[in-house]
Amino acid sequence: MTQTPLNPGDSPLVREALSSVVSRETSVQTTTVPSGSSPGTRDGEWPRPPRTRIFTVANQKGGVGKTTTSVNLAAALSMHGQRVLVVDLDPQGNASTALSIEHRGDVPDMYKVLVEDMPLAEAVKEVPEMPGLYCAPATIDLAGAEIELVSMVAREARLQRALTAYDAIELDYILIDCPPSLGLLTVNALMAANELLIPIQCEYYALEGLGQLLRNVDLVKAHLNPTLDLSTILLTMYDGRTRLASQVAEEVRSHFGDRVLNTLIPRSVRVSEAPSYGQSVMTYDPGSSGAMAYMDAAREIAYRGAAV
């Protein structure tokens, strides 16, 4: 990728962060939408990918929309004929909450899968009233997994092994929701995936730490998973009223090109409210700006996969 000159008016943080992450990756496929379909069309089934696409949704910065993105993209895809599994790797279990999957007490969860070698099929549950959508929940026990995994053989590949052995249903997408860290759980997720999706918040500190995340991705690609591809960047919490949000979006697009989805996810009260009702915003308020934006983002992802 050719380095794009930094604008003289950019903030020092934006200049520093972007200068550390440019020229890292090769170009990716552009979005291809068949004739007769457009990003504004919300009906019908979307094309299924030729093989299962495994996305790790990662960013070590908290509060950028990783869980919200995982849950709502999964819901949108399943509503259009895709079979989707959400793997909750965050000990807080927020993705499990949003999908109305029990994750308290002694339930089969990702801790038992990673640490106790439980088959993944025993942990996976179908999401209520969402055909084709499944979730492997996380309990608070997962908080101790980082320490317990340290002494295990092939500790970075525990999740990959579990997913490889899981063949109970034919899946189109697996979305792995990561904790806000670069520890062993996130490394397991990067090892198991073939694509990386990074949500970036359209605010001042959005790019802080992005360089470290991409350096870790480079290490994983070099030593563990050479097929991992930074395929998708999603701009979240966009507020078009602020100059800063527009600046962050413009700079990210200038440096990452076609990896950045055309769709911007706006700030939306409905998106924040939905998990408290055990729902994604796609079912809680389908007509809200947040739901429509996530629907368009999921459509872009689906058609990119069909074009590969």
Side-chain angles (χ1 to χ4, degrees), residues 31 38-43 46 55 57-59 61-80 82 84 86 88 90 92-101 127-130 133 135 173 175 177-180 197-208 210 232-253 256 259-303:
T31 305
S38 70
T41 304
R42 292 188 168 79
D43 298 323
W46 297 337
F55 281 91
V57 183
N59 191 329
K61 186 179 185 302
V64 299
K66 290 186 296 296
T67 298
T68 300
T69 294
S70 300
V71 166
N72 289 302
L73 288 180
L77 288 165
S78 72
M79 292 167 70
H80 288 80
Q82 314 295 309
V84 188
V86 175
D88 193 351
D90 189 342
Q92 298 176 87
N94 291 336
S96 307
T97 298
L99 295 175
S100 199
I101 299 296
V127 176
E129 300 180 13
M130 293 290 290
L133 181 56
C135 177
Y173 294 87
L175 300 180
D177 182 35
C178 293
L197 189 160
I198 303 178
I200 298 180
Q201 184 181 9
C202 295
E203 292 194 354
Y204 186 74
Y205 291 113
L207 301 171
E208 188 176 55
L210 185 56
T232 311
I233 293 176
L234 179 62
L235 296 167
T236 63
M237 303 182 190
Y238 181 79
D239 187 345
R241 299 170 299 177
T242 67
R243 179 180 176 184
L244 182 60
S246 299
Q247 181 190 18
V248 170
E250 181 180 344
E251 290 297 330
V252 171
R253 290 190 191 283
F256 291 101
R259 293 179 189 82
V260 187
L261 295 182
N262 294 324
T263 304
L264 295 165
I265 306 300
R267 285 193 173 276
S268 170
V269 174
R270 294 302 195 190
V271 170
S272 302
E273 289 176 349
S276 64
Y277 293 89
Q279 298 182 54
S280 68
V281 73
M282 313 308 300
T283 55
Y284 176 67
D285 189 352
S288 66
S289 60
M292 291 188 288
Y294 271 115
M295 186 69 77
D296 288 339
R299 181 183 294 102
E300 283 192 63
I301 289 173
Y303 280 103

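What you see is a predicted model, and the numbers here were worked out from it, not measured in a lab.
Once rounded to the nearest 0.5 Å, the distance linking OG of S78 with CE of M282 reads 9.0 Å. Distance CG/L77 to CZ/F55: 8.5 Å, rounded to 0.5 Å. Between E300 atom CD and M295 atom CE the span is 13.5 Å, to the nearest 0.5 Å. Here CG of L261 is found 9.0 Å from CD1 of I233. Values are rounded to the nearest 0.5 Å. Note: F256 CZ to L210 CG = 5.0 Å, rounded to the nearest 0.5 Å. To the nearest 0.5 Å, atom OG of residue S268 and atom CD of residue E273 are 8.0 Å apart.
At a threshold of 4.5 Å between non-hydrogen side-chain atoms, the residues I301 and Y173 count as touching. Here the side chains of D88 and L99 are not in contact, with every heavy-atom distance at 4.5 Å or above. L197 has its side chain within reach of L73: a pair of non-hydrogen atoms, C-beta onward, lies under 4.5 Å apart. R267 places a side-chain heavy atom less than 4.5 Å from the side chain of Q201. No side-chain heavy atom of S276 sits less than 4.5 Å from a side-chain heavy atom of T97. No side-chain heavy atom of T68 sits under 4.5 Å from any side-chain heavy atom of S272.
Of the possible polar contacts, none joining the K61 side chain to the I200 backbone as a donor-acceptor pair under 3.5 Å is found. Distance alone, capped at 3.5 Å, is enough to place a donor-acceptor pair between the N72 side chain and the V281 backbone. Formation of a donor-acceptor pair under 3.5 Å by the K66 side chain with backbone atoms of N59 is found in this model.
Nearest approach of L234 to A297, heavy atoms of both residues: CD1-CB, 4.1 Å. Scanning both residues, W46 and A76, for their nearest heavy atoms gives CZ3-O, 3.8 Å. When all heavy atoms are compared, the tightest approach of C202 to V248 is CA-CG1, 4.1 Å. Nearest approach of G278 to S100, heavy atoms of both residues: O-CB, 3.3 Å. Closest heavy-atom contact between L133 and A75: CD2-CA, 4.1 Å. Nearest approach of A58 to C178, heavy atoms of both residues: CB-SG, 4.2 Å.
Among the candidates V260, I265, N262, the single residue satisfying the side chain to side chain contact (heavy atoms under 4.5 Å, CB included) test with L235 is V260.
In this view, T67 and D177 satisfy the side-chain hydrogen bond (donor to acceptor under 3.5 Å, both in side chains) rule, not counting sequence neighbours. Among residues two or more places apart in sequence or in another chain, the side-chain hydrogen bond (donor to acceptor under 3.5 Å, both in side chains) test is passed with R243 by none.
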Practice problem: For salt bridge (charged side-chain N to carboxylate O under 4.0 Å, His left out), just list the numbers for R253 and E250, CA-CA rounded to whole Å, side-chain angles, deciding distance to a tenth of an Å, and then say yes or no. | Solution: CA-CA 5 Å; R253 290 190 191 283; E250 181 180 344; over 6 Å; no
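No donor-acceptor contact under 3.5 angstrom links the side chains of T263 and Y294, judged on distance only.
Counting only residues at least two apart or in different chains, ring pair (Phe, Tyr, Trp, His ring centres under 6.0 Å) contacts with residues 269-288 comprise Y277-Y284.
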